[in-house]
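A short worksheet on the structure shown next.
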Number of protein chains: 2
Amino acid sequence: MTTSGARPLDPGQLETYFALMEAVSLLQHHVEQQLRAEGGISYVQFQLLARLADSDRPLTMTQLADGVVYSRSGLTYQAGLLEKAGLITRSTFPDDERATVVTLTEKGAALFERVLPGHIEVSRRLLFEPLSATDVRHLGEVMTRVRDHMRARPPRSAAPRKRRPGTAR
Amino acid sequence: MTTSGARPLDPGQLETYFALMEAVSLLQHHVEQQLRAEGGISYVQFQLLARLADSDRPLTMTQLADGVVYSRSGLTYQAGLLEKAGLITRSTFPDDERATVVTLTEKGAALFERVLPGHIEVSRRLLFEPLSATDVRHLGEVMTRVRDHMRARPPRSAAPRKRRPGTAR
DNA sequence: TATTGTTATACTCTATAACTATA
DNA sequence: TATAGTTATAGAGTATAACAATA
């Protein structure tokens with residue numbers, strides 16, 4: 001193995017990849033700062049609040065986790081923090097008592113509303129300021145395609161092992 | 001206060017922003033998995049090795065940190081790990097004895113070479129596969145512009161400005 | 001005094017595995 | 001047996017502040 005990736009990228013590709021990674025790292029860092037400063041929350045927590053704010057009905061833990069967090073316990077941890085801060089509530093889902101439904105409290109909704117403008121302002125100042133309308137449209141189109149591609153194509157080599165259902169471990 | 005960012009984004013902008021953030025989050029996650037699985041290193045550590053591999057001369061800690069890590073102690077921590085793993089060495093810089101110069105060991109260079117193909121393969125499969133050559137060129141051009149914009153325009157509200165001891169907080 | 005880097009420390013976050021309870 | 005979620009726990013990473021040494 002390890003020969004699977006011997007084929008080099010085109011020169012421009014590597015540059016593009018690094019520019020993308022570095023730019024987004026910087027963006028993430030600034031966004032984290034803004035959210036922490038103005039709302040005392042992390043970007044992960046912001047995403048969870050955003051999902052709940054976006055949905056007109058409560059979400060189960062599993063629905064909430066999707067794409068935001070990569071382990072169940074990670075979500076339980078974050079939900080615990082949000083609940084302790086009074087931003088969400090958790091309760092058993094009557095239709096399936098294994099599930100937990102998560103609701104945004106008024107305080108949570110208010111915090112989200114309070115934090116959102118600054119969040120948008122950061123993205124405008126750091127990301128959109130140097131871009132034309134055409135750039136933005138193209139970037140959005142391209143990254144949407146990439147995102148959907150990734151969602152549809154889960155890891156191949158990244159997974160340590162194909163675990164069959166029910167296997168130990 | 002909090003009205004600083006009341007102006008809304010154009011509809012497409014918010015979508016673009018979230019698509020970008022989610023796509024790159026997924027990409028980062030896969031990349032971390034690959035690096036951890038094949039080389040036992042994190043993306044931060046990969047970046048540090050990459051910088052050293054890219055440079056024909058050793059770098060000081062400060063040069064190495066630039067853009068990769070946001071605190072001095074964070075770099076010291078990472079350098080400590082890399083040194084303990086035998087991937088780099090640190091020694092005093094004769095010309096300025098305050099500085100530490102970092103050198104890639106043969107083992108470090110070998111690890112980097114070993115891990116790079118898989119890294120490239122992940123980026124190809126997840127990022128580049130759904131993109132045309134034009135998309136890649138445009139994406140690279142746009143993200144380079146954004147990156148340079150961010151580098152040139154450090155945080156406004158987020159900056160841990162030089163504060164004198166005893167200031168608020 | 002300012003700068004380079006390290007250390008001590010506290011904190012946040014993540015992930016694996018074992019667990020409970022429902023289906 | 002499988003699924004939803006929690007808990008226990010361990011480990012990785014980050015940041016702030018105090019520090020030492022050099023410029």
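Treat the numbers as computed from the prediction; the structure is a model and nothing was measured. Throughout, protein chains are lettered first and strands after them, A, B, ... in sequence-line order, and every chain is numbered starting at 1.
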Handout entry: Atom pair distance, as rounded to whole Å: CG in Asp95(A) and C1' in dA23(C)
Key = 13 Å
Exercise for the section: Starting from C1' on dT3(C), measure out to CD on Gln63(B) and report it in whole angstrom. Expected result: 14 Å
Problem - Options dA23(D), dT14(D), dG5(D), nucleotide nearest the side-chain atoms of Thr76(A) - result: dG5(D)
Completion exercise
Taken to the nearest whole Å, CD/Glu97(B) to P/dA23(D) is 5 Å
Practice task
Verify, without hydrogens or angle tests, whether Gln28(B) (side chain) and Met21(A) (backbone) share a donor-acceptor contact under 3.5 angstrom.
Solution key: no
Exercise for the section: Considering only NZ, NE, NH1 and NH2 on the basic side and carboxylate oxygens on the acidic side, decide whether Glu141(B) and Arg145(B) come within less than 4.0 Å. Expected result: yes
Problem - Rounded distance in Å - CE (Met61(B)) to P (dT3(C)) - result: 18 Å
Completion exercise
Considering only heavy side-chain atoms of Ala99(B), the closest of dT12(C), dT4(C), dA15(D) is dT4(C)
Practice task
Determine the contact category for Phe93(B): base if any of its heavy atoms lies under 4.0 Å from a base atom, sugar-phosphate if only primed atoms, P, OP1 or OP2 are that close, otherwise nothing.
Solution key: nothing
Exercise for the section: For the side chain of Tyr70(A), starting at C-beta, report the closest nucleotide among dA15(C), dT16(D), dC13(C). Expected result: dA15(C)
Exercise for the section: Locate the shortest heavy-atom distance separating Ser42(A) from Arg36(A); write the atom from each residue and the value. Expected result: CB-NH2, 3.5 Å
Practice task
May I ask you to say what Leu75(A) touches in the nucleic acid, namely base, sugar-phosphate or nothing, with a heavy-atom cut-off under 4.0 Å?
Solution key: nothing
Handout entry: Among dG5(C), dC13(C), dG5(D), the nucleotide that comes nearest once only the side chain of Thr100(A) is considered
Key = dG5(D)
Practice task
Verify the contact: side-chain N or O of Arg36(B) to OP1 or OP2 of dA15(C), cut-off strictly under 4.0 Å; return yes or no.
Solution key: no
Completion exercise
Ranking Arg72(A) and Glu32(A) by the position along DNA chain C of their nearest nucleotide, the one closer to 5' is Glu32(A)
Practice task
Measure from the side-chain heavy atoms of Ser73(B) and tell me the nearest of dG5(D), dT4(C), dT16(D).
Solution key: dT16(D)
Problem - Distance, rounded to the nearest Å, where Tyr43(B) contributes OH and dA12(D) contributes C1' - result: 18 Å
Handout entry: Selection from dT16(C), dT22(C), dC13(C) that lies nearest to any side-chain heavy atom of Asp96(A)
Key = dT22(C)
Handout entry: Rounded interatomic separation in angstrom, taking CG from Leu82(B) and P from dA12(D)
Key = 13 Å
Exercise for the section: Compare side-chain N and O positions of Thr62(A) against OP1 and OP2 of dT3(D) and report whether any pair is under 4.0 Å apart. Expected result: no
Exercise for the section: State, yes or no, whether a side-chain contact exists between Ile88(B) and Leu49(B) at a heavy-atom distance under 4.5 Å. Expected result: yes
Problem - Separation of dA12(D) C1' from Gln28(B) CD (nearest whole Å) - result: 16 Å
Exercise for the section: Tell me which nucleotide among dA23(C), dC13(C), dA12(D) gets nearest to the side chain of Arg98(A). Expected result: dA23(C)
Handout entry: Exercise: identify the closest heavy-atom pair between Leu75(B) and Met61(B)
Key = CD2-O, 2.9 Å
Practice task
Check whether any side-chain nitrogen or oxygen of Arg90(B) sits under 4.0 Å from OP1 or OP2 of dT6(C), and answer yes or no.
Solution key: yes
Handout entry: Glu83(A) CD: over 12 foreign heavy atoms closer than 6.0 Å
Key = yes
Problem - For atom CG of Leu64(A) and atom P of dG5(D), their distance in whole Å - result: 9 Å
Practice task
May I ask you to evaluate whether Gln78(B) reaches the phosphate of dA12(D), defined as a side-chain N or O under 4.0 Å from OP1 or OP2?
Solution key: no
